[in-house]
Amino acid sequence: MPRKVQSYDDYGSAVQQIILSTTDAEFLDQLIPVLKDATSTSRTGGLTQNLSQYADDREVEIERIGLTKHEEFLGSVNQLQNVRERTVALTADILELNQSIQASTEKLAAQKQALVNTRAVRENISDVSEALKESLKILHSVNNAHDLIRKKKYYGALKSLDDLQNEFLIPTIQNQYATQHRLADLIQKSIPGSQKTISEAVMTDLNTWLFHIRELSQFLGEVAFFHTDSRRQRQQDRIRQNDFLDHFSLNSAIELVFDESEEYDVLDNDELQVDFTPLFEALHIHEALGQIDKFRAEYAATRRRQKELLLPSSVSLTTDDEQSLSSLLEGIAGFAIIEKATMRRAPQLRTAIDIEELWDSMCSTVISLTSKALGDVHNAEVLVQIKGVFALFIQTMEGWGYSVSRLDDFLVTLFDKYAELLKRRFSEDFQEIVSTDDYMPMAINTREEYEKVANVSWFAQDQSIDELTFPCVLPFSQMYPLCCIDIRNFLNQFYFFSNDYFQHPTKIDDALRKSLDELLTEKVCKSLVERLSSQYPGQIVQILTNLEHFETACQELEQLLIRARSSGSAGGPLTLAATEQFREHKKTAEKRIFELVNSKIDDLMETAEYDWMAHTPPREPSNYIQTLTTYLSNIMSTTLLGLPREIKELIYFDALSHSASKILALPLSPDVKKINPNGVIALAQDVQHLTEFVDGLENGFMLRSNLDELEQTIQLLQSENTDEFFDVSTRNKKYGRVDAMNGPILLEKLTQQISSAGPTSQRFANFSSNLSSRFGSNK
């Protein structure tokens with residue numbers, strides 16, 4: 001720092017100090033400041049005057065001294081002269097020094113001014129340098145943000161812009177003395193544009209990701225289905241090892257615990273990897289920008305549009321291509337899995353309500369499309385495949401926490417369609433079996449054939465297979481084992497629908513019972529009953545046998561259905577209406593047999609011609625009564641042989657009762673006016689023949705009661721005292737079975753008159769000779 005220049009108010013004292021200096025150096029030290037001050041203050045004249053005054057004073061003093069001390073004066077003059085000379089020289093030196101100092105001072109002033117200017121420039125340069133450094137920091141932050149955008153590090157870029165604002169721009173803008181104010185203002189105004197660029201760039205990446213996800217959805221669904229099917233297989237393996245595990249379905253807590261060792265992430269595995277980074281980055285960016293609500297709305301709208309693109313206008317249930325049901329369900333599964341995974345990872349973006357709305361919409365659409373396409377499905381096996389795809393879809397989505405109740409209900413619709421197609425197909429099968437049957441006992445040629453029939457049919461085997469001799473004949477016709485096979489297949493295919501997954505087992509139990517009832521009642525029992533109109537007793541007998549075995553089959557089916565029904569079904573007995581139908585129509589078949597036998601008896605009775613006024617008694621029973629007994633014997637030993645003993649006894653009982661009534665009606669006919677003893681003998685011989693035939697039958701003593709009225713009527717007509725009939729006590733003892741109205745009518749016709757042989761007798765003889773040949777074909 002330069003020393004402060006000394007200023008002088010009075011040069012007189014300064015001159016005194018200069019003159020009094022003892023050394024030259026001191027002299028100069030005293031002189032130079034005075035000269036500088038005089039020069040700088042432009043008072044050189046005053047200094048010169050003070051010096052001249054000092055010189056004049058010294059001269060006066062010298063003259064005074066010279067007058068008093070001459071010699072000393074002269075010496076002093078000489079000294080003074082020397083001083084003066086030295087003074088003149090010194091003055092010259094001073095002037096020269098003054099000029100030098102003045103020149104130096106001017107140069108120094110110029111240098112000082114230059115120094116001041118340089119210092120100002122340096123300060124300006126320093127300020128500019130600092131400003132440039134601060135500006136470079138700002139620009140570096142801006143460039144860094146844009147570099148991060150180019151590198152797709154959007155969150156870092158946004159953070160960089162935020163740091164730029166907080167650390168540089170806002171403080172600079174708020175500082176009114178800042179030199180970067182204009183630059184900061186310009187960059188601050190560009191920040192929203194940069195943020196928009198980041199937002200657009202991140203949305204571009206997100207849209208690319210969303211497009212990739214949409215393309216990946218079907219494959220993701222396929223992988224998820226495969227994983228679910230693998231879990232099924234593992235669960236089945238565990239069930240085979242431990243039956244108790246059959247009580248726990250897929251996705252149950254027990255199954256999940258057993259399967260937890262099999263770690264598998266459908267979103268990250270060897271087949272595919274779903275990276276949610278673009279979504280998270282976009283979410284963070286919009287959260288940082290304060291645009292989360294806008295982003296949530298745009299994302300939701302985009303996913304809704306993708307959902308609409310995912311769902312076609314129609315679906316094919318019979319093909320295996322991009323339009324197939326499996327492809328559609330895989331796509332929906334992949335879409336829904338992405339939604340659920342998004343909600344779990346970013347609950348602030350996707351809520352449960354949003355996802356459930358999309359899920360319900362997709363379920364409604366797929367149910368609607370499938371329902372429309374079901375009209376083109378006429379194959380039950382195709383429906384099983386459809387149900388299998390739906391079951392896999394349901395179990396997969398249930399594992400992801402989605403509600404599957406609507407899909408469960410739709411499986412009931414599929415089952416109803418499946419049951420309808422099964423019933424239609426088996427109805428045709430049963431109809432064909434019944435219509436093409438030969439209604440003959442089934443012939444079995446080998447042991448193997450017998451075992452096959454025994455394995456599929458329900459019938460009581462009277463003998464063990466080792467006791468049988470082949471070939472042999474089974475009582476039922478071929479239609480019975482064929483129907484049993486179809487019934488078993490029908491049961492298996494009904495329950496096959498519930499394999500893997502079906503939450504309505506009671507529905508299967510009820511539908512199966514109703515369908516079986518309908519098939520057995522309408523297609524089997526009704527068809528058999530319709531064939532009872534046949535005029536062939538053998539066919540009717542076979543139908544009766546088949547009805548009996550079908551009744552047994554229904555009883556076995558009832559027990560089978562009880563064992564097979566689900567635990568959720570109501571307990572207690574289970575009854576098929578078809579069981580009672582077969583039981584009732586057995587009686588119908590029995591009645592039909594009675595009708596045919598009685599019809600044959602009626603035909604024979606129409607051939608009976610008695611000569612009630614014969615002139616001689618006949619030598620043998622009438623041909624019609626012989627034919628009647630032969631017919632009854634033959635039909636029982638051939639056509640009706642396979643019938644149970646009880647039924648055969650009933651047929652005998654009814655046939656004999658009907659025959660007795662018809663025989664008794666012959667003499668009661670209004671056309672018969674008189675009956676002589678020979679006519680009674682002829683009738684008695686026929687009754688005797690019939691009685692002997694009955695006595696030869698098994699349980700003949702029981703069947704004989706059907707002929708009591710006929711025998712007592714003969715006894716009455718041959719009685720010598722017919723008046724006994726009119727005595728109630730006697731009549732009850734001897735003729736208790738004779739009708740009280742018919743007895744008097746016959747007694748009124750009875751006469752003892754015997755006429756000679758006439759043309760009528762001859763015609764009767766000729767007719768009798770041909771009677772046997774006439775009915776030979778009916779034996």
Side-chain angles (χ1 to χ4, degrees), residues 439-441 459-460 462 473-477 480 525 528-555 579-605 624-625 627-665 686-687 689-712 737 739 775 778-779:
Y439 293 95
M440 296 289 290
F459 71 96
D462 297 332
V473 176
L474 296 178
F476 43 77
S477 65
Y480 178 67
C525 185
L528 290 175
V529 172
E530 289 175 353
R531 280 164 175 73
L532 290 177
S533 60
S534 171
Q535 299 298 319
Y536 299 101
Q539 186 173 1
I540 305 302
V541 169
Q542 190 60 60
I543 290 173
L544 175 59
T545 303
N546 289 350
L547 287 170
E548 183 175 7
H549 282 85
F550 274 114
E551 180 187 359
T552 301
C554 287
Q555 293 170 347
T579 307
E580 186 61 28
Q581 287 288 316
F582 284 117
R583 185 180 296 117
E584 289 295 324
H585 286 298
K586 278 169 52 181
K587 299 178 182 179
T588 305
E590 292 171 7
K591 291 178 181 178
R592 180 58 180 162
I593 295 174
F594 297 161
E595 290 175 1
L596 289 177
V597 173
N598 291 339
S599 174
K600 187 65 176 179
I601 292 173
D602 291 343
D603 291 341
L604 291 173
M605 289 302 171
Y624 89 89
I625 201 70
T627 305
L628 173 62
T629 55
T630 302
Y631 166 72
L632 291 175
S633 177
N634 289 342
I635 195 172
M636 287 298 179
S637 61
T638 55
T639 305
L640 307 182
L641 178 63
L643 290 178
R645 175 182 173 182
E646 296 80 4
I647 296 179
K648 288 192 288 186
E649 289 179 352
L650 286 175
I651 293 174
Y652 263 130
F653 192 90
D654 186 76
L656 292 173
S657 177
H658 186 71
S659 299
S661 299
K662 288 293 184 179
I663 293 172
L664 187 58
D686 290 346
V687 172
H689 179 78
L690 183 59
T691 302
E692 291 173 354
F693 169 75
V694 172
D695 289 339
L697 297 176
E698 187 178 3
N699 292 331
F701 69 98
M702 295 178 60
L703 300 174
R704 180 78 177 267
S705 61
N706 290 285
L707 305 179
D708 286 348
E709 182 181 7
L710 194 56
E711 289 180 313
Q712 291 181 11
R737 299 297 299 274
D739 186 86
F775 288 98
N778 294 324
K779 291 183 180 180

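Legend: residues meeting side-chain hydrogen bond (donor to acceptor under 3.5 Å, both in side chains) with K662, ordered by chain and number and at least two apart, are absent. The salt bridge (Lys or Arg N to Asp or Glu O under 4.0 Å) search around R592 returns E595, not counting sequence neighbours. Applying the side-chain hydrogen bond (donor to acceptor under 3.5 Å, both in side chains) criterion to H689, with sequence neighbours excluded, gives T629. The ring pair (Phe, Tyr, Trp, His ring centres under 6.0 Å) test applied to F459 returns F476, not counting sequence neighbours. Not counting sequence neighbours, the partners of E711 by the salt bridge (Lys or Arg N to Asp or Glu O under 4.0 Å) test are R704.
Looking at H658 and D602, their side chains do bring a donor and an acceptor atom within 3.5 Å of each other.
With rounding to the nearest 0.5 angstrom, the OG atom of S599 is 9.5 Å from the CG atom of L604. Note that CG of L640 and CD1 of I635 are 4.5 Å apart. Values are rounded to the nearest 0.5 Å. Put simply, CD on E580 and SG on C525 are 10.5 Å apart, with the number rounded to the nearest 0.5 Å. How far OH of Y624 is from CG of D686: 4.5 Å, rounded to the nearest 0.5 Å. Atom CG in L697 sits 7.5 Å away from atom OG in S633 (nearest 0.5 Å). Note that the CG atom of N546 and the NZ atom of K586 stand 12.0 Å from one another [nearest 0.5 Å].
Nearest heavy-atom pair, V473 versus P441, reported as atom, atom and distance to 0.1 Å: CG1-CB, 3.2 Å. Between T545 and P475, the shortest heavy-atom contact is CG2-O, 3.4 Å. Smallest separation of non-hydrogen atoms from Q555 and R583: NE2-NH2, 3.5 Å. Nearest heavy atom pair, residue T639 against residue P537, reads CG2-C, 3.6 Å.
When side chains are defined from C-beta on, T588 does not count as touching L547, because their heavy atoms never get closer than 4.5 Å. For the pair L596/K600, no side-chain contact is recorded, criterion being any heavy-atom separation below 4.5 Å from C-beta on. With contacts defined as side-chain heavy-atom distances shorter than 4.5 Å, the pair L707/V687 does not qualify. Side-chain contact check for S705 versus D708: some heavy-atom pair is nearer than 4.5 Å. Under the 4.5 Å side-chain criterion, counting only non-hydrogen atoms from C-beta, L643 is in contact with I593. For the pair L690 and L656, the minimum side-chain heavy-atom distance is below 4.5 Å. With contacts defined as side-chain heavy-atom distances shorter than 4.5 Å, the pair V597/L632 qualifies. When side chains are defined from C-beta on, L628 counts as touching M605, because their heavy atoms get closer than 4.5 Å.
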Would you be so kind as to tabulate the donor-acceptor pairs closer than 3.5 Å made by side chains of residues 646-655, with sequence neighbours excluded?
residue: E649; atom: OE2; partner: R645; partner atom: NE; Å: 3.1
residue: E649; atom: OE2; partner: N699; partner atom: ND2; Å: 2.3
residue: D654; atom: OD2; partner: N598; partner atom: ND2; Å: 2.7

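The existence of a salt bridge linking K587 and E590 is excluded, since no basic side-chain nitrogen approaches an acidic carboxylate oxygen closer than 4.0 Å.
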Next item on the list: Could you give me the CA-CA distance, side-chain angles and deciding distance for F693 and L703, then say whether side-chain contact (heavy atoms from CB on, under 4.5 Å) is met?
Entry: CA-CA 11 Å; F693 169 75; L703 300 174; over 6 Å; no
Next item on the list: Could you give me the CA-CA distance, side-chain angles and deciding distance for Q542 and R531, then say whether side-chain contact (heavy atoms from CB on, under 4.5 Å) is met?
Entry: CA-CA 11 Å; Q542 190 60 60; R531 280 164 175 73; over 6 Å; no
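Proximity of a side-chain donor or acceptor of N706 to a complementary backbone N or O of A660 within less than 3.5 Å is not detected.
Aromatic ring pairs are classed by plane angle as parallel below 30°, tilted from 30° to 60° and perpendicular above 60°; the pair F550 and F582 is parallel.
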